[in-house]
Amino acid sequence: MNSKHLLLGDEALALGAINAGLSGVYAYPGTPSTEITEFIQLNPLARERKLHSHWSANEKTAMEEALGMSFCGKRALVCMKHVGMNVAADGFVNSAFTGANGGLVVVAADDPSMHSSQNEQDSRFYAQFAFIPSLEPSSQQEAYDMMAYAYDFSEKMGLPVLMRMVTRMAHSRGVVKTGEVREQNPVKYPEKTRQWVLMPSNSKVRYKELLADWDKCREASENSPFNTYTDGPDHSKGIIANGIAYNYLMECFPEGCPFPVLKISQYPLPEKLIRRLVDECDSVLVVEEGQPFIEERIKGMLGTPKPIMGKLTGLLPRTGELNPDFVRKALDLPELPREEASQVVMPRPPALCQGCSHRDVYAALNDVLKEYENPKVFGDIGCYTLGWLSPFNAIDTVVDMGASISMAKGAADAGQHPSVAIIGDSTFTHSGMTPLLDAINENNRMVAIISDNLTTGMTGGQDSQGTGKLEDICIGLGADPAHVRTIDALPKLHSELMDLLREEIEYPGLSVVICRRECIQTARRHAAAKAKEAAKK
Amino acid sequence: MKTDIVLAGVGGQGILSIATILGAAALNEDLYIKQAEVHGMSQRGGDVQSNLRISSSPIASDLIPLGGADLIVSLEPMEALRYVQYLKPGGWIVTSTAPFVNIPAYPEMSVIEAELNKWPHTVAFDMEEMAKEVATQRSSNMVLLGAAAPFIDLETEKIEQGIRTVFGAKGEKIVESNLKAFRAGLEFAKSKM
Ligand SMILES: Cc1ncc(C[n+]2csc(CCOP(=O)(O)OP(=O)(O)O)c2C)c(N)n1
Ligand code: SF4
C-alpha cells in the first residue's frame, strides 16, 4: 500500500495514525489542530473500520476518553490546540502516572504568532513537566512516519507521547509517501493495575518508576532517527534547530550548511548529542520555533563558558514565529535582493460575516445598554469575539473559553450591574455550564446571553455538542424556566430582542437569554449539501 | 525547475483552488511541493495568502523568504501589492483588478493602479469579466491561473491535466468550462509579455 499524496501536516499525521492501527480520535476543534480529526472523519479506511471520531465537549473530556480507550489496550489519539492543553492538563499530567496501555498520542498544535489564538505558549513545557516524551516533525513526511513510531514507543514505554505541531507544519502541504497499514489492537487490559488508581500509596511507587523511565526516554532520544547530527567543515559555530526551524535553517544554505547541525525532533533533550556539538564547536546558535525551551535548558545543563546564542540573547525574536528571514539575519547572511514594500496597502482585519446572527445580538445589546450608566459585558472565545472591534465595540473582556459567565458572576458578586456575559453555543458546552451552575446556585443578578448559531463557527463549522439542548441544560442546572428565554436573532426582531434583554437585565436574579440563528456559512453549506442530495434523487 | 509563488486574496475568494490544481499537476510530475496555507478564522473578509513552492529538487522551507518569490498571483489588486517585498527583482505580478472593498480605508483605485503600473512585470485584468465572457463567473480563478501559467515552470498541458484531475469528478462540462477559462487567461498573459 505504498503511495504518494499531497497532504497538510495535520492530514499526514492523521493518516499516519490510521495506518498505525488507530482505534479512535478524541478532540475538541481548535486551530491549527482541527483538520486532524476532520481528516479521520472522512477517511475511507477509518470509516470502514468505524474508528471513533465524534467531537468531544472539550479537551479534558477528550483526553480522558482517549485514556479510557488506551486502558482497554487500543491505540487512541487526542488532538487540541495549544490552549486546549491548559484545559486537558489535569488528565494529561496524570496520564504519565497511570501510563498508557494501548498506544496513546496527544497532539498539541502550538500557534506561534497567534494567527488564530489568544496567546502563545509552547507545549514542550507541559511534556517536560509531566515526564511525557515528545516528538516534533519538521516535514509532512516526518509527521506521517512519526505516528507509527510514536504508537510503538508509547506501548514499549507504557507512556503517553506528546506530538507537538506548530501552525506552519499543521497547515502546510507536502508530498508524503505512505507505508504499510497495521491492524487495530485487540482489547487487552493493563498488566500493572495499581498505577491506574492514583492514590498516594500507589503514586509514590509510580513516581520513582516514572523518573527511571525518563532516563530511558532520554536514551531513546539519543538514538532517535528524528534527532540527527550532521557534521560540517566550519566549527566556529554549531547549530541546534528544532522541528520546523530546521527547514528555515536549511533554506539559508541551498548548497548545504557549512556548520555542524543538530536537528532535534524528539524529547527529552538528547544530552550526549548536545554535548558533542558544544565540545566540537566554538559557539552554539539555537534556532528554535517556540519559546526558548532548548536554549534555557542547555544553558543549565552544560555549564559551559562557550557562547550560546538564540532568543535569550536577542539574536532571534522572542515573540512570534520564525521564518527564513529571521534565521538568515541570525546567521549574518546578506538579505536577498528584493522589491520594496508597497506603501499604499491597508490592513484588512477579519470581521463578522455580513448577515451573521452575532451582529443582530450585538446591535440590540448595545442599544439596550445605552440606557445604563456603567454596563459591563464579559465576552468569550469564538467568532463573536470580533464584537470587540468596531462598529460594535460591545465587549469589555475576553480571556479563555467559559470565562464570560464566570467573570460576569464575579463582577455581579462585586456589585456590578448590569453584568452581562456573552458566549457561543459551543463555548458554552465546552466550559460555560459549570460557571453557570455557580451563578444559579447563588442566583446572581446577571444575564448570560448564549448566542447560539448551531455550530462551532470560528473553527469552520463543526457540530456543536449542545445543539437542541441548551434550554434543557440551563433548566436542568437549576435556572428558573421563567428566566431562560429564547428568541430568533434576526434584524426584524431588533426591538423585541431589546425588550427581552431589558426585562432580564432588570430582573434581580440570574437569567439566560438564548439568541438563535444558524451561522450563515454553515447554513450555506447545509443548503448546498441538501441541493446535491436532491439532485441525486 | 523551481517556481516560488505567493497566492493572495481576501478570505472567501478561494485562493486555495489555484493551489490545489498546481499541486495536483506537480504531484503528477513527481515534483517536490510545499504549500503553506492559512486556515482558521472562518469569518470572511480578512487578507489571506498561501506560499506555493514547486521544485525538481527537495524544498527546505514551507515559507518563501523575502525576495524569494518568482510570482505573485492575486485575486484582488491591493492584496497583490501586500506581498511585493517577497518578489525577486524582475518577478511577475498576475492579478485581478476588481477591488474587494470591505474596509473604510480602501485606497482609491487610481492609486492602486498607479502602484501596480510601477512594476514593469504586471499582468492585470478583471478576471471575473473575462470569465463571464468566455465561460462562467465561477471559473474566474481559472482565468487567473491561465494568466499565471506562462510564469510557472510547468508545461501548460500538465496544468491542464491538473484541472482535469481536480474537476474530473464534477463532469466533462465543468472540466471544459474551466479549461476554456484557463486558456483565455493564458492567451491574455501571452499578449502582455
Ligand atoms: C481551550 C480552547 N479550545 C479551543 C479553542 C479554539 N476555539 C476558539 S473559538 C472556538 C469555537 C467557538 O464556537 P462557538 O462558541 O459556538 O462560537 P462561534 O464561533 O460559532 O460564534 C474554538 C473551538 C480555544 N480558543 N480554546
Ligand atoms: S463564520 Fe458564521 S459565526 Fe462566524 S462570523 Fe461568519 S456567520 Fe458569523
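The chains referred to below are lettered A, B, ... by the order of the sequence lines, with proteins before strands, and numbering in each begins at 1.
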Answer with side chain, backbone, both or neither: which region of [X] has an atom nearer than 4.5 Å to a non-hydrogen atom of chain B?
X: A:Pro349; value: both
X: A:Pro254; value: neither
X: A:Gln140; value: side chain
X: A:Leu322; value: backbone

Query - 4.5 Å side-chain heavy-atom contact, B:Lys118 and A:Ser342 - result: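 In short, these two side chains do not touch, never coming nearer than 4.5 Å.
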
Check whether [X] reaches the backbone of [Y] with its side chain - one donor and one acceptor, N or O, closer than 3.5 Å.
X: A:Asp325; Y: B:Leu66; answer: yes
X: B:Glu76; Y: B:Phe100; answer: yes
X: A:Glu289; Y: A:Glu321; answer: no

Query raised in the report: Can you tell me if NZ on B:Lys88 sees more than 12 non-hydrogen neighbours from other groups inside 6.0 Å?
Result: yes

Report summary line: Hits for side-chain hydrogen bond (donor to acceptor under 3.5 Å, both in side chains) against B:Glu79, two or more places apart or cross-chain, chain-then-number order -> A:Arg348, B:Arg82

Could you tell me which of [options] has the largest number of non-hydrogen atom pairs under 4.5 Å with chain B?
options: A:Val327, A:Val344, A:Val175; result: A:Val344
options: A:Thr167, A:Ile520, A:Leu6, A:Ile244; result: A:Leu6
options: A:Arg338, A:Arg168, A:Glu340; result: A:Arg338

**Report entry** Derivation of the side chain to side chain contact (heavy atoms under 4.5 Å, CB included) call for B:Ile152 and B:Leu71
**Finding:** CA-CA 8 Å; B:Ile152 302 171; B:Leu71 178 64; 3.7 Å; yes

Requested in this report: Say whether A:Tyr384 and A:Thr427, considering side chains only, have a donor N or O and an acceptor N or O under 3.5 Å apart.
Outcome: yes

Query - Positions in residues 245-253 of chain A that reach chain B, provided some heavy atom is under 4.5 Å away - result: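 Contacts with chain B: A:Asn247, A:Tyr248, A:Met250, A:Glu251.
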
Query raised in the report: Is it the side chain or the backbone of B:Glu115 that comes within 4.5 Å of chain A heavy atoms, both, or neither?
Result: side chain

Query raised in the report: Is it the side chain or the backbone of B:Asn102 that comes within 4.5 Å of chain A heavy atoms, both, or neither?
Result: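 Both backbone and side chain of B:Asn102 come within 4.5 Å of chain A.
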
Query raised in the report: When you look at A:Lys4 and B:Asp30, which way does the salt bridge (charged side-chain N to carboxylate O under 4.0 Å, His left out) test go after all the steps?
Result: CA-CA 9 Å; A:Lys4 268 171 110 173; B:Asp30 249 347; 2.4 Å; yes

Requested in this report: Could you have a look at B:Leu31, B:Val10, B:Ile33 and say which one has the most heavy-atom pairs with chain A under 4.5 angstrom?
Outcome: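 Sorted descending by pairs with chain A, the first entry is B:Ile33.
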
Query raised in the report: What option among B:Ala24, B:Pro107, B:Ala69 has the most heavy-atom pairs under 4.5 Å with chain A?
Result: B:Pro107

Report task. Tell me, with the steps shown, if B:Phe125 and B:Lys192 meet side chain to side chain contact (heavy atoms under 4.5 Å, CB included). Result -> CA-CA 11 Å; B:Phe125 64 102; B:Lys192 294 282 161 190; over 6 Å; no

Query - Salt-bridge present (B:Lys173, B:Glu176; N to O < 4.0 Å) - result: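 B:Glu176 and B:Lys173: not salt-bridged.
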
